[in-house]
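Computed from heavy atoms alone, side chains included, the values below leave out hydrogens, waters and symmetry copies. Both ligands and their constituent atoms are indexed starting at 1 by order of listing.
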Amino acid sequence: MNDLIVIGGGPAGVAAGVYAARKHLKTALIAEEFGGQSTVSDGIENWIGTVKIPGADLAKALKGHLDAYKGEFVEVVEGERVERLEAIDGGYRATTNKGAKREARAVLIASGATRRKLPVPGADELENKGLTYCASCDGPLFSGQDVAVVGGGNAGFETALQLLAYAKSVTLIHRHKDLKADAITVEKALANTGMRVFAGYEPVEVKGSPFVSALVIKNRDTNETQELPVTGVFVEIGVLPNTAYAKDIVAVDEVGRVKVDARTQRAYGADGALVPGVWAAGDCTDELYHQNNIAAGDAVKALEDIYLWVKRN
Ligand SMILES: Cc1cc2nc3c(=O)[nH]c(=O)nc-3n(C[C@H](O)[C@H](O)[C@H](O)COP(=O)(O)OP(=O)(O)OC[C@H]3O[C@@H](n4cnc5c(N)ncnc54)[C@H](O)[C@@H]3O)c2cc1C
């Protein structure tokens, strides 16, 4: 039996793998892919210690760092997806889509999330060409420009507030007439002269070649369409955490993110108590903010705690 199973190959999973090796914890790290969500980004400008790095290079650097440590203590199972996590005598067993099984006393869930994509024509083609899923990553690139935000929840309004610091104008589109975001956040955003909201509208097309030049929206009552001349479209219509395989073991919030104790990254169970031997870190958790540095930092925090727990138990 291993000391630890780490599930995930993004910044959280890789940070955990490196720390596990350095702490001589016998670990199986299972990752479908390496690098994480920002691998697709042209340039990441907030990975601390690096002024700018293409997402693909960050993925290589993460993998390289882990490879330098794999061997005696850390086994890497690459290209396989954990489909089941179950409790066994003295620990947990993870089973992958290819039938591999690994057992350990402790588990770190670091399988991240997938952004819910905008399902309209033009959205896939113009992704990273004006259409983006990360305001804190790409917002500053739209300084002085007219941009749109899709999504009227807290994430949408918080994105709008961030963008108002750079953009000339921000137009937020929300499907329903009632806004889902907290009233105080909505008020703050609407206090800006550059902010307007289309509630009861939905996007039907993103236009532009080679970069975004307009967002077409439809009034859901009248079906009338209109074209908003914008150069940026920020999509905040939710995330899909990769946690389905762990739902029998840990408690998840309404969108499927693992509930954790923020001091230690220990996971909560359905009964509201901490689950012995299970931690979670990064975008798969109900941590308020999701960024590469936070994911790596949370995983490091978890490893400090896991190490003490393994030595004590
Ligand atoms: C387009 C885009 C650009 C971004 N740009 C930036 C940026 O510039 N700066 C920044 O700080 N943040 C950025 N972010 C946010 C950042 O990417 C995330 O906060 C970060 O990747 C979270 O890391 P993570 O390790 O928790 O999860 P993820 O990055 O989601 O990684 C999850 C890992 O787990 C693996 N996995 C998933 N399910 C399973 C399973 N069942 N079994 C095994 N493996 C599994 C995946 O293959 C992946 O390797 C961006 C996000 C997006 C979508």
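- From K218, atom NZ reaches atom OG1 of T225 across 9.0 Å, with rounding to the nearest 0.5 Å.
- Heavy-atom proximity to G112, at under 4.0 Å, picks out these atoms of ligand 1: 27 (O), 28 (P), 30 (O), 32 (C).
- Listed by chain and number, the residues in a side chain to side chain donor-acceptor pair (under 3.5 Å) with T171 are R196 (sequence neighbours excluded).
- Scanning all protein heavy atoms for the shortest distance to atom 6 (C) of ligand 1 gives C137 SG, 2.7 Å.
- Of all the atoms in ligand 1, the ones that sit under 4.0 Å from a non-hydrogen atom of I7 are 42 (N), 43 (C).
- For ligand 1, the atoms closer than 4.0 angstrom to any heavy atom of A12 are 25 (O), 26 (O).
- Remark: K129 fails to qualify as a cation-pi partner of F211 under the 6.0 Å distance and 45° angle criteria applied to the six-membered ring.
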| query | Given E287 and D298, is the side-chain contact (heavy atoms from CB on, under 4.5 Å) satisfied, shown in steps? | reply | CA-CA 9 Å; E287 154 74 74; D298 281 353; 3.1 Å; yes
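- Polar contact with ligand 1: present for P11 (N/O pair, distance under 3.5 Å).
- Between E45 and ligand 1 there is no heavy-atom distance shorter than 4.0 Å.
- Protein heavy atom at the shortest distance from atom 28 (P) of ligand 1 is Q37 NE2, 3.6 Å.
- Of the protein's non-hydrogen atoms, the one nearest atom 9 (N) of ligand 1 is N46 OD1, 2.8 Å.
- The closest protein non-hydrogen atom to atom 42 (N) of ligand 1 is V82 N, 2.8 Å.
- Close contacts between ligand 1 and G282 involve ligand atoms 26 (O) [criterion: under 4.0 Å to a heavy atom].
- Each of the following atoms of ligand 1 lies closer than 4.0 Å to a heavy atom of G36: 28 (P), 29 (O), 31 (O).
- The side chain of Y245, and not its backbone, has at least one atom closer than 4.0 Å to an atom of ligand 1 (non-hydrogen atoms only; side chain from C-beta on).
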| said: salt bridge (Lys or Arg N to Asp or Glu O under 4.0 Å), that's the test. Do K23 and E304 meet it? Break it down for me. | reply: CA-CA 9 Å; K23 288 177 179 298; E304 296 291 355; 3.1 Å; yes
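- Evaluated by nearest non-hydrogen atom to atom 50 (C) of ligand 1, the leading choice among G10, G9, G8, S38 is S38.
- Interface atoms of ligand 1 facing E80, defined by a heavy-atom separation under 4.0 Å, are 43 (C).
- Comment: E78 engages K63 in a salt bridge, judged by a side-chain N to carboxylate O separation of less than 4.0 angstrom.
- Ligand-side atoms of ligand 1 in range of H290: 19 (O), range being under 4.0 angstrom from any heavy atom.
- In this structure, K117 forms a cation-pi arrangement with Y133, its terminal cationic atom sitting closer than 6.0 Å to the ring centre and no more than 45° off the ring axis.
- Considering both main-chain and side-chain atoms, D283 comes within under 3.5 Å of ligand 1 through a nitrogen or oxygen pair.
- The pair E83-R81 counts as a salt bridge, with a side-chain nitrogen and a carboxylate oxygen less than 4.0 angstrom apart.
- Scanning the protein for heavy atoms near atom 37 (C) of ligand 1, the closest one is S111 O, 3.2 Å.
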| said: Apply side chain to side chain donor-acceptor pair (under 3.5 Å) to residues T114 and N242 and explain how you reach the verdict. | reply: CA-CA 7 Å; T114 311; N242 304 316; 3.2 Å; yes
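- Each of the atoms 30 (O) of ligand 1 lies under 4.0 Å from some heavy atom of A113.
- The shortest N or O to N or O distance between Q291 and ligand 1 is below 3.5 Å.
- Note on residues 145-190: pairs passing ring pair (Phe, Tyr, Trp, His ring centres under 6.0 Å), not counting sequence neighbours, are H174-H176.
- The pair K70-E75 does not meet the salt-bridge criterion, since no charged nitrogen lies less than 4.0 angstrom from a carboxylate oxygen.
- Taking the six-membered ring for Trp and the full ring otherwise, F142 and F234 have centroids separated by under 6.0 Å.
- The protein heavy atom nearest to atom 1 (C) of ligand 1 is V40 CG2, 3.8 Å.
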| task | Decide yes or no on salt bridge (Lys or Arg N to Asp or Glu O under 4.0 Å) for D286 and K259, but give the supporting numbers first. | result | CA-CA 5 Å; D286 65 348; K259 293 187 181 178; over 6 Å; no
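- Under the 3.5 Å distance criterion, the side-chain polar atoms of D261 are matched with a main-chain donor or acceptor of R263.
- Atom 11 (O) of ligand 1 has N292 N, 2.9 Å as its closest protein atom, hydrogens excluded (heavy atom only).
- Considering only non-hydrogen protein atoms, atom 49 (O) of ligand 1 sits nearest to E33 O, 2.6 Å.
- By the 3.5 Å distance cut-off applied to N or O atoms, E32 is counted among the residues near ligand 1.
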